[in-house]
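Because only heavy atoms are used, hydrogens play no part in the values below, and waters and symmetry mates are left out as well, while side chains stay in. For clarity, every value in this text was computed on a predicted model and none was experimentally measured.
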Amino acid sequence: MFILENMETKIELYEAYDLKTLERKIEEQIEINKALLLDVHHIQHQVTFDPNRNKMLYTAVVHFKGKGKAN
């Protein structure tokens, strides 16, 4: 017997040293998660200075929820 369950929620974390790369990573995963019937529910982002690389580090948390799921 094979039972297939829908994924109801998924949280993914991303990081990059420039905003364009971070946006590209998120967009790519949004397309992949659409195939799993997941939509973006919430995105939270932050930027901080990485003293080891002497660069800004951009991070994002994306919360995906199953299509048609309320809150």
* To do: Kindly indicate whether the side chain of Thr59, heavy atoms from C-beta on, has any atom under 4.5 Å from the side chain of Tyr14.
  => no
* To do: Test side chain to side chain contact (heavy atoms under 4.5 Å, CB included) on Gln29 and Ile32 and set out the steps.
  => CA-CA 5 Å; Gln29 284 304 120; Ile32 290 169; 3.3 Å; yes
* side chain to side chain contact (heavy atoms under 4.5 Å, CB included) between Tyr58 and Glu23: does it pass, once the steps are laid out? -> CA-CA 10 Å; Tyr58 299 87; Glu23 289 174 343; over 6 Å; no
* **Exam field: side chain Lys65 to backbone Leu38, donor-acceptor pair closer than 3.5 Å** => no
* Asked: Residues two or more places apart in sequence or in another chain: which of them pass ring-ring contact (aromatic ring centres under 6.0 Å, His included) with His45?
  -> none
* Asked: Any chance CD of Glu28 has more than 12 other-residue heavy atoms, nucleotides or ligands included, within less than 6.0 Å?
  -> yes
* Asked: Heavy-atom distance under 4.5 Å between the side chains of Leu57 and Val47, does that happen here?
  -> no
* Hey, which of Asp39, Ile30, Leu36, Ile11 is the one that makes side chain to side chain contact (heavy atoms under 4.5 Å, CB included) with Phe64? -> Ile30
* Answer yes or no: is there a side-chain heavy-atom contact under 4.5 Å between Glu27 and Arg24? => no
* To do: Supply the atom-to-atom distance Ile26 CD1 to Glu31 CD, rounded to the nearest 0.5 angstrom.
  => 13.0 Å
* To do: Report the residues that fulfil salt bridge (charged side-chain N to carboxylate O under 4.0 Å, His left out) with Glu12, sequence neighbours left out, ordered by chain and then residue number.
  => Lys10
Please set out all donor-acceptor pairs under 3.5 angstrom arising from side-chain atoms of residues 48-56, sequence neighbours excluded.
{"residue": "Asp50", "atom": "OD1", "partner": "Asn52", "partner atom": "N", "Å": "3.0"}
{"residue": "Asp50", "atom": "OD2", "partner": "Tyr17", "partner atom": "OH", "Å": "2.6"}

